[in-house]
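Whatever order the structure lists them in is the order used to number ligands and atoms, beginning at 1. These numbers come from the heavy atoms of this one structure, side chains and all, not from hydrogens, waters or symmetry mates. Keep in mind it's a predicted model, so treat the numbers as computed, not measured.
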Amino acid sequence: RQFNVVVTGASSGLGLATAKALAELGNCHVIMACRNFLKAEKAAKSVGIPKENYTVMHLDLASLESVRQFVDNFRRSGRPLDVLVCNAAVYQPTAKEPSFTAEGFELSVGTNHLGHFLLARLLLDDLKQSDYPVKRLIIVGSITGNTNTLAGNIPPKANLGDLRGLVGGLNGVSSSPMIDGGEFDGAKAYKDSKVCNMLTMQEFHRLYHEETGITFASLYPGCIATTGLFREHVPLFRLLFPPFQKYITKGYVSEEEAGKRLAQVVSDPSLEKSGVYWSWNKNSSSFENQLSKEASDAEKARKLWEISEKLVGLA
Ligand code: NDP
């Protein structure tokens, strides 16, 4: 049978390039889990994904109700789930004020972390039931949340502190909208959300890898300076960022190449090890990368897991 991969945020950038790379494998069906149905359909057509290799299903990660509906719809489709890729993200580097999800969580952490946390927790049962030899749960990370790297040290740095804002619900009223309890900073909120993504992957691995055989992984695909992620940045930044990454930091990677990298983490037998944060070197070969101190703090991962369970209504 075809193997079935759910990719969130497959309507642009890395998610779309990954859907394309997976479809090219021939035996893969991609469920494009997207908030904008029409955009996703058009995107799939524009990159030439054959009709039999994809289905678009509605998912708005900024609403926990929508996440639950997506899971119901997916189950009703009767398809087994073999791989889940949590890829979608919002980034608001120039926002002066926070915005919020349907449940009132600050938007970046609410979408990138909490929406995916609920989705992954609910779909874990479906992954367990898959009879396919490859069963994986992948959460896209980023170097920007990684303070042991040069890029991760550009201020504002990620820092979850003692998680007091998260405990308070990130609502900007009775609690700070930021995980560490500080003033709102859109760029930092994104980086914090990426640290949450990497901590969540490790806690999944610790709790479920042995019992289920599922491979849990995260990755930094390289700097894909051309994606929609930077859409809210100032125009000058958007103009200079791609050449800066290409010629100065040399961290630049094309959307196509990044999509191939993520597709490797989805299905390549040599990337089967669980609990790994994958990166690629200059000649595009993958290696197990080190996470920063905070992004590999097991105690923080456990706390984050418990608080997140409460916020999304699982505990
Ligand atoms: P894009 O902005 O191109 O893609 C983000 C995707 O997420 C879009 O499909 C977008 O949908 C979707 N999305 C946003 N909000 C929601 C929501 N509420 N519900 C459902 N989907 C949503 O960015 P990238 O492709 O660059 O980012 C993809 C991943 O790669 C992210 O996890 C990002 O952190 C990571 N990453 C990116 C890097 C880069 O350099 N670009 C580097 C390292 C990691 P829509 O099309 O409707 O807007």
Side-chain angles (χ1 to χ4, degrees), residues 6-20 31-44 46-47 56-67 69-70 85-93 99-103 105-116 118-119 138-146 149 151-152 158 187 189-198 200-201 218-233 237-238 241-242 244-246 249 251-259 261-262 265 277-280 289:
V6 168
V7 180
T8 69
S11 50
S12 79
L14 177 60
L16 180 62
T18 304
K20 181 168 189 273
I31 295 90
M32 301 172 67
C34 298
R35 61 178 167 177
N36 184 334
F37 198 95
L38 253 182
K39 181 177 175 186
E41 271 294 344
K42 280 190 189 150
S46 75
V47 297
V56 177
M57 285 180 70
H58 185 260
L59 167 67
D60 184 349
L61 288 156
S63 153
L64 298 180
E65 187 52 39
S66 171
V67 171
Q69 267 170 22
F70 171 83
V85 180
C86 297
N87 160 75
V90 282
Y91 176 45
Q92 301 187 297
S99 33
F100 297 93
T101 67
E103 286 78 16
F105 308 124
E106 185 282 317
L107 192 69
S108 326
V109 175
T111 305
N112 308 355
H113 168 58
L114 292 170
H116 277 136
L118 179 62
L119 180 73
I138 298 152
I139 309 179
V140 177
S142 180
I143 201 169
T144 50
N146 232 340
T149 62
Y190 168 80
K191 294 179 185 181
D192 289 349
S193 76
K194 291 279 112 186
V195 172
C196 292
N197 286 156
M198 295 183 280
T200 301
M201 178 281 284
S218 186
L219 69 150
Y220 172 64
C223 184
I224 330 159
T226 50
T227 72
L229 196 67
F230 308 100
R231 72 191 90 183
E232 291 183 32
H233 228 303
F237 176 90
R238 280 183 285 144
F241 192 51
F244 173 74
Q245 291 293 347
K246 254 183 215 165
T249 69
Y252 176 86
V253 63
S254 68
E255 295 183 30
E256 194 186 0
E257 174 60 23
R261 291 176 177 182
L262 179 45
V265 184
Y277 166 62
W278 295 104
S279 297
W280 284 259
N289 205 347

Report summary line: The closest protein heavy-atom partner of atom 20 (C) of ligand 1 is L59 O, 3.3 Å
Query raised in the report: Judging by distance only, is a nitrogen or oxygen of T111 under 3.5 angstrom from one on ligand 1?
Result: no
Query raised in the report: To which protein heavy atom is atom 25 (O) of ligand 1 closest, and what is the distance rounded to 0.1 Å?
Result: L14 N, 2.8 Å
Query - Proximity of L229 to ligand 1 by residue part, where a heavy atom lies under 4.0 Å - result: both
Query raised in the report: Judging by distance only, is a nitrogen or oxygen of G9 under 3.5 angstrom from one on ligand 1?
Result: yes
Query raised in the report: Can you list the atoms of ligand 1 that are under 4.0 Å from a heavy atom of Y220?
Result: 42 (C), 43 (C)
Query raised in the report: Stepwise, does the side-chain hydrogen bond (donor to acceptor under 3.5 Å, both in side chains) test hold for D60 with S66?
Result: CA-CA 6 Å; D60 184 349; S66 171; 5.6 Å; no
**Report entry** Per-residue contact class, N87 against ligand 1 - non-hydrogen pairs under 4.0 Å
**Finding:** both
Requested in this report: State whether the shortest distance between N or O atoms of D60 and N or O atoms of ligand 1 falls below 3.5 angstrom.
Outcome: yes
Query raised in the report: Among R35, H116, E232, which one has a heavy atom closest to atom 16 (C) of ligand 1?
Result: R35
Report summary line: Quick note on ligand 1: atoms under 4.0 Å from a heavy atom of A62 include exactly 18 (N)
**Report entry** Sub-3.5 Å N/O-N/O distance, I224 and ligand 1
**Finding:** yes
Query raised in the report: So F230 and Y91, would you call those rings parallel, tilted or perpendicular, with 30° and 60° as cut-offs?
Result: perpendicular
Query raised in the report: Looking at residues at least two apart in the chain, or sitting in another chain, which of them share a side chain to side chain donor-acceptor pair (under 3.5 Å) with T111?
Result: none
Query raised in the report: At their closest point, which heavy atom of V6 faces which heavy atom of A33, and how far apart are they?
Result: CG1-CB, 4.1 Å
Query raised in the report: Of all heavy-atom pairs between T200 and H113, which one has the smallest distance, and what is that distance?
Result: OG1-CE1, 3.3 Å
Query raised in the report: Is the closest heavy-atom distance from F230 to ligand 1 below 4.0 Å?
Result: yes
Query raised in the report: Based purely on interatomic distance, does V90 place a nitrogen or oxygen under 3.5 Å from a nitrogen or oxygen of ligand 1?
Result: no
Query raised in the report: Which part of N112 is near ligand 1, with near meaning a heavy atom under 4.0 Å away: side chain, backbone, both or neither?
Result: neither
Query raised in the report: Do any heavy atoms of C223 fall under 4.0 Å from ligand 1?
Result: yes
Query raised in the report: Strictly under 4.0 Å, does any heavy atom of S66 approach an atom of ligand 1?
Result: no
Query raised in the report: Which of the numbered atoms in ligand 1 are below 4.0 angstrom from a heavy atom of K194?
Result: 31 (C), 32 (O), 33 (C), 34 (O)
Requested in this report: Below 4.0 angstrom from a heavy atom of G222, which ligand 1 atoms are there? Numbered from 1 as shown, please.
Outcome: 42 (C)
Query - Identity and separation of the nearest protein heavy atom to atom 19 (N) of ligand 1 - result: L61 N, 2.9 Å
Query raised in the report: Mind checking what makes side chain to side chain donor-acceptor pair (under 3.5 Å) contact with S254, not counting sequence neighbours?
Result: none
**Report entry** Which of the ligand 1 atoms, numbered from 1, are nearer than 4.0 Å to a heavy atom of K39
**Finding:** 45 (P), 46 (O), 48 (O)
Query raised in the report: Which pair of heavy atoms, one from P221 and one from R261, lies closest together, and at what distance?
Result: O-NH1, 2.7 Å
Query raised in the report: Which atoms of ligand 1 have any heavy atom of G13 under 4.0 Å away?
Result: 3 (O), 25 (O)
Query raised in the report: Does the S218 side chain pair with the main chain of I139, one donor and one acceptor, at a distance under 3.5 Å?
Result: yes
Query - R231 heavy atom under 4.0 Å from ligand 1 - result: yes
Report task. Starting from atom 44 (C) of ligand 1, find the nearest protein heavy-atom neighbour and note its residue, name and distance. Result -> G141 O, 3.3 Å
**Report entry** Structural part of Y190 in contact with ligand 1, heavy atom criterion under 4.0 angstrom
**Finding:** side chain
Report summary line: Among non-hydrogen protein atoms, atom 35 (C) of ligand 1 lies closest to V140 CG1, 3.6 Å
Query raised in the report: Can you tell me which residue and heavy atom of the protein come closest to atom 5 (C) of ligand 1, and the distance to 0.1 Å?
Result: A89 O, 3.7 Å
Query raised in the report: Nearest to atom 21 (N) of ligand 1, what protein heavy atom do you find, and at what distance?
Result: A88 CB, 3.6 Å
Query raised in the report: Of all the non-hydrogen atoms in the protein, which one sits nearest to atom 26 (O) of ligand 1, and at what distance?
Result: T227 OG1, 2.5 Å
**Report entry** Location of contacts on E255 toward ligand 1, heavy atoms closer than 4.0 Å
**Finding:** neither
Report summary line: Distance col, row N112:CG vs N87:CG, nearest 0.5 angstrom, shows 10.0 Å
Report task. Mark up the atoms of ligand 1 that fall under 4.0 Å of a heavy atom belonging to S12, in ascending order. Result -> 1 (P), 3 (O), 4 (O), 8 (C), 9 (O)
